[in-house]
Visitor: 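Mind looking over this structure? Questions follow.
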Amino acid sequence: MSNAEAPPLKIIKPKLPKQLEPIRLSDAGIDDEASFQQFFCKDETLSDITAHKVLFDQMTFDSVAFERVSLRHAELTDIVFRQCDLSNVDFSEAILHRVEFHHCNW
């Protein structure tokens, strides 16, 4: 093996459709193995949620606060978080593919 530098990683942006449907996740209910695809969630507080293996695909989260939320083993693909408070969410052992975070609190 040579001492040459590894090539830089290629960062791929989330692949989102032009139109996303609105959703209020607090009303929809997030349960184990739930699936949410092609939605946008905006100006919402998600509180006291514990769910495993939840799938989020092709979504945006704008100004969403997560309070006492556990989403262990979740899978997030093609997601954008903007101005979200993620300081009280547990994404332990989650899988993230093409996820961006813009001006979020950790």
Side-chain angles (χ1 to χ4, degrees):
M1 186 169 197
S2 72
N3 290 336
E5 286 187 34
L9 291 176
K10 183 176 179 183
I11 297 174
I12 300 172
K13 293 198 166 286
K15 298 172 184 176
L16 295 169
K18 291 183 182 187
Q19 293 260 173
L20 295 171
E21 294 295 319
I23 189 170
R24 290 202 51 83
L25 287 171
S26 57
D27 295 338
I30 301 175
D31 298 315
D32 288 348
E33 300 184 16
S35 179
F36 300 95
Q37 298 175 331
Q38 296 187 349
F39 290 110
F40 73 86
C41 183
K42 184 173 182 166
D43 298 326
E44 185 169 6
T45 298
L46 302 174
S47 300
D48 301 310
I49 297 169
T50 299
H52 295 81
K53 297 183 179 180
V54 178
L55 171 70
F56 296 102
D57 185 26
Q58 293 186 313
M59 290 185 63
T60 63
F61 293 83
D62 292 293
S63 300
V64 176
F66 293 79
E67 297 177 352
R68 299 171 308 278
V69 174
S70 177
L71 296 171
R72 294 175 55 86
H73 302 279
E75 185 168 350
L76 291 80
T77 303
D78 296 318
I79 306 294
V80 176
F81 290 95
R82 291 184 197 92
Q83 297 180 332
C84 292
D85 184 350
L86 301 163
S87 59
N88 289 299
V89 64
D90 178 4
F91 280 127
S92 295
E93 301 182 55
I95 298 169
L96 284 71
H97 304 280
R98 295 181 302 276
V99 177
E100 291 183 341
F101 300 91
H102 301 275
H103 307 289
C104 294
N105 293 331
W106 287 96

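Side-chain atoms are counted along with the backbone in the values below, which use heavy atoms only and exclude waters and symmetry mates.
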Visitor: Distance-only, no hydrogens or angles: does the D32 side chain make a donor-acceptor pair with backbone N or O of H52 under 3.5 Å?
Guide: yes
Visitor: Looking at L76 and I79, what are the two nearest heavy atoms and their distance?
Guide: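 Minimum heavy-atom contact is CB-CG1, 3.8 Å.
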Visitor: Return the set of residues passing ring-ring contact (aromatic ring centres under 6.0 Å, His included) with F101 (not counting sequence neighbours), or none when no residue passes.
Guide: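 Testing F101 for ring-ring contact (aromatic ring centres under 6.0 Å, His included), a comparison that skips the adjacent residues, returns F81, W106.
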Visitor: Rounded to the nearest 0.5 Å, what separation is found between the NZ atom of K18 and the CG atom of L20?
Guide: 12.5 Å
Visitor: F40 and V54: same hydrophobic cluster, using ILVMFWY side-chain contacts below 4.5 Å?
Guide: no
Visitor: Indicate, with yes or no, if V80 and F36 share a hydrophobic cluster defined by side-chain heavy-atom contacts under 4.5 Å among Ile, Leu, Val, Met, Phe, Trp and Tyr.
Guide: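 Shared cluster, no.
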Visitor: Could you tell me whether a side-chain N or O of E44 sits under 3.5 Å from a main-chain N or O of S26, the two making a donor and an acceptor?
Guide: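 It does hold such a pair.
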Visitor: Minimum heavy-atom separation for V69 to L46, with atom names?
Guide: CG2-O, 3.3 Å
Visitor: Charged N to carboxylate O below 4.0 Å: is that the case for R98 and D78?
Guide: yes
Visitor: Can you see which heavy atom on A51 is nearest to which on I30, and at what distance?
Guide: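 For A51 and I30, the tightest heavy-atom pair comes out as CB-O, 3.8 Å.
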Visitor: Measure the CG-CD distance between N105 and Q83 for me, rounded to the nearest 0.5 Å.
Guide: 9.5 Å
Visitor: Is V99 reachable from L16 through a run of I, L, V, M, F, W or Y residues, each pair having side-chain heavy atoms under 4.5 Å apart?
Guide: no
Visitor: From H73 NE2 over to E33 CD, what is the distance, rounded to the nearest 0.5 angstrom?
Guide: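 It comes to 11.5 Å.
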Visitor: Starting at CG of D31, measure out to OG1 of T50 and round the result to the nearest 0.5 Å.
Guide: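 Output value for this atom pair is 11.0 Å.
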Visitor: Considering residues at least two apart in sequence or located in another chain, which fulfil the ring-ring contact (aromatic ring centres under 6.0 Å, His included) criterion with F66?
Guide: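 Checked F66 against ring-ring contact (aromatic ring centres under 6.0 Å, His included); zero matches.
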Visitor: Would a 4.5 Å heavy-atom cut-off, applied to side chains only, mark R72 and D90 as touching?
Guide: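 Yes. Closest side-chain heavy atoms under 4.5 Å.
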Visitor: Do the non-hydrogen side-chain atoms of F39 and L25 ever get within less than 4.5 Å of each other?
Guide: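 Answer no - side chains too far apart.
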Visitor: With rounding to the nearest 0.5 Å, note down the distance linking SG in C104 to CZ in R82.
Guide: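 Taking SG in C104 and CZ in R82, the distance rounds to 9.5 Å.
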Visitor: Tell me, do E21 and Q38 make a side-chain contact under 4.5 Å, heavy atoms counted?
Guide: no
Visitor: Looking only at heavy atoms, which two atoms of C84 and S63 are closest? And how far apart?
Guide: SG-N, 4.0 Å
Visitor: Enter the distance from D85:CG to E67:CD here, rounded to the nearest 0.5 Å.
Guide: 7.5 Å
Visitor: Using side-chain heavy atoms (C-beta onward) and a distance below 4.5 Å, is Q58 in contact with P17?
Guide: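 When only atoms from C-beta onward are counted, P17 and Q58 do touch, with a gap below 4.5 Å.
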Visitor: Can you name the closest pair of heavy atoms from K15 and I12 and give their distance?
Guide: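 In this case the closest contact between K15 and I12 is CE-CG2, 4.3 Å.
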Visitor: With a sphere of 6.0 Å drawn around NE2 of H103, does it hold more than 12 non-hydrogen atoms of other residues, nucleotides or ligands?
Guide: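 No, the 6.0 Å shell around NE2 holds no more than 12 heavy atoms from other groups.
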Visitor: Identify the two heavy atoms, one from D48 and one from R68, that lie closest to each other, and give their separation to 0.1 Å.
Guide: OD1-NE, 2.6 Å
Visitor: Are L96 and L86 grouped together when hydrophobic residues (ILVMFWY) are joined by side-chain heavy atoms under 4.5 angstrom apart?
Guide: yes
Visitor: Report yes if some heavy atom in the side chain of Q37 is under 4.5 Å from a heavy atom in the side chain of L55; otherwise report no.
Guide: yes
